[in-house]
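Structure first, commentary second.
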Amino acid sequence: MFDAPTARQLRRTDFPPDFRWGCSTSSYQIEGAVDEGGRGESIWDRFCAQPGRIRDASSGAVACDHYHRWPEDLDLAQSLGVNAYRFSIAWPRIQPSGRGPGLQAGLDFYERLVDGMLERGLQPWATLYHWDLPQALQDAGGWVQRETVDAFVDYADLVVRRLGDRVRHWITHNEPWCTAFLGHAEGCHAPGVQDFGAAIQVCHHLLLSHGLAVPVIRAACPGAQVGITLSLHPIHAASDSAADQAAVQRHDGLRNRWFLDPLHGRGYPADTLALLGDRAPQVAPGDLQAIATRTDFLGVNYYFPEEVADAPGQGPLATRVVEREGVPRTAFGWEVSPEGLVELFTRVQRDYTPGPIYLTENGSTWDDTLGPDDQVPDEQRLDYLARHLAAAREAMRQGVLLKGYFAWSLLDNFEWAEGYTRRFGLTYVDYPTQRRILKASGQWYARFLHA
Ligand code: FCB
């Protein structure tokens with residue numbers, strides 16, 4: 001069903017007329033201009049400056065220079081034919097130290113950007129936190145500290161008061177799992193902490209800050225549509241053994257249910273809490289009610305399924321992610337599985353009935369090359385895109401309330417710890433010249449959307 005030739009036959013008219021079509025980016029990955037407009041230092045500036053943290057020793061200091069080139073980038077998005085654009089706001093551009101009054105230059109920048117979207121028929125979808133915490137807040141303990149929750153709610157209030165007359169779609173956090181576990185347990189993302197217990201407390205504070213921000217956003221923007229974006233994965237067992245099957249349950253508990261359950265009013269999953277023991281988060285009275293505040297949609301980023309095996313003694317979950325052999329993988333090593341999209345979304349729909357769901361990120365990285373003819377023949381990305389759209393269509397056919405699809409990403413950009421070695425864009429960025437070249441996949445998406 002999801003073979004490439006069939007998927008390429010898909011038409012936009014196979015989706016409902018009110019389906020949202022978009023592409024996604026994030027501030028630190030594209031903006032550059034880290035010292036302009038009074039912007040404060042972010043944890044990613046600090047992290048990138050530490051030797052050995054980023055694969056190519058790069059940083060987002062220049063990135064795609066989107067801070068200066070945004071009109072061209074929005075033109076590009078418009079030329080694709082999308083009707084929505086998901087971007088994120090850099091907290092250190094608004095509050096350089098993470099607290100205090102909003103910086104005019106920062107607020108003005110996003111206001112111009114948003115006006116640029118509206119002029120081009122692009123519905124703005126703003127993410128408030130896509131990982132670039134002001135370093136000053138990190139110096140005071142960052143997301144491990146409950147005070148950061150209050151700081152986030154103030155920041156959200158400030159931003160939405162200024163932009164809420166033109167931005168209606170708000171995402172509080174992007175992928176709290178990554179912030180918590182890549183940033184605080186594995187330490188391969190900023191702030192580079194390796195402390196599993198801290199990561200668990202960070203999860204709680206991220207979710208709490210989301211829940212407390214929802215009513216504040218609604219108050220500042222009547223009619224706002226507010227949600228959160230989670231990175232979710234179908235989890236499969238490495239073998240038929242009972243031990244590996246049980247490992248799936250444990251892994252799923254922290255990867256998926258740890259976020260989905262409290263957001264849907266069920267509190268933290270009991271089986272996972274039991275495994276965590278004294279590393280369970282500190283939860284104050286009222287926190288779980290706040291986290292379960294009703295939202296208007298659920299954002300899901302889908303990239304790949306995970307396969308796990310029982311691994312006695314390995315971490316509190318005693319599981320290990322294994323790489324199944326003989327399956328197609330992107331240049332990142334992520335398994336390509338459109339079937340996984342159907343499995344994941346039907347599961348979320350069945351187990352949680354979350355209301356409208358938006359696929360807020362989906363995409364792939366390949367070793368793209370710019371040919372002498374100025375073409376980037378990224379057939380694998382094109383196939384990935386077409387096959388995942390076919391899967392999205394199938395998930396809807398099976399009853400999933402999917403309302404929109406955002407491709408990751410409009411542009412090649414700074415891929416966190418991988419630096420510029422991973423290209424995810426529908427558009428190729430020639431970094432030395434900052435020239436943008438629409439790849440074959442981008443051309444296909446545009447033909448699909450214009451048909
Ligand atoms: C997601 C992130 C996004 C990008 C893609 C490839 O986890 O949200 O910023 O890095 O992966």
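One-based numbering along the sequence shown. When a ligand or atom number is given, it counts from 1 through the structure's own listing order.
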How are the rings of [X] and [Y] set to each other: parallel, tilted or perpendicular (split at 30° and 60°)?
X      : Y      : result
Trp70  : Phe109 : perpendicular
Phe181 : Phe196 : tilted
Phe332 : Phe424 : tilted
His264 : Tyr352 : tilted
Trp416 : Trp131 : tilted

Applying side chain to side chain donor-acceptor pair (under 3.5 Å), which residue pairs with at least one partner in residues 191-203 are found, sequence neighbours left out?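 Sorted pair list: Gln201-His205.
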
Looking at Arg250 and Leu317, would you say the former's side chain and the latter's main chain have a donor-acceptor pair under 3.5 Å?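 The answer is yes, because a donor-acceptor pair under 3.5 Å joins these two groups.
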
Atom 7 (O) of ligand 1 sits nearest the protein heavy atom Glu175 OE1, 2.5 Å

Starting from atom 10 (O) of ligand 1, find the nearest protein heavy-atom neighbour and note its residue, name and distance.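 Checking every protein heavy atom, the shortest distance to atom 10 (O) of ligand 1 gives Glu415 OE1, 2.7 Å.
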
Ligand-residue contact atoms, ligand 1 with Gln29, heavy atoms, under 4.0 Å: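 Contacts of ligand 1 toward Gln29, numbered from 1: 3 (C), 4 (C), 9 (O), 10 (O).
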
Using distance alone, decide if ligand 1 has a nitrogen or oxygen within less than 3.5 Å of any nitrogen or oxygen in [X].
X      : answer
Glu361 : yes
Trp416 : yes
Trp334 : no

Where's the contact between Asn174 and ligand 1, heavy-atom distance under 4.0 Å: side chain, backbone, both or neither? side chain

Pick whichever of Trp408, Phe414, Tyr303, Trp177 has a heavy atom sitting closest to atom 11 (O) of ligand 1.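 Going through Trp408, Phe414, Tyr303, Trp177 one by one, Tyr303 has the nearest heavy atom to atom 11 (O) of ligand 1.
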
Does Arg422 have a non-hydrogen atom less than 4.0 Å from ligand 1?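 Checking ligand 1 against Arg422, which is what was asked, there is no heavy-atom contact under 4.0 Å.
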
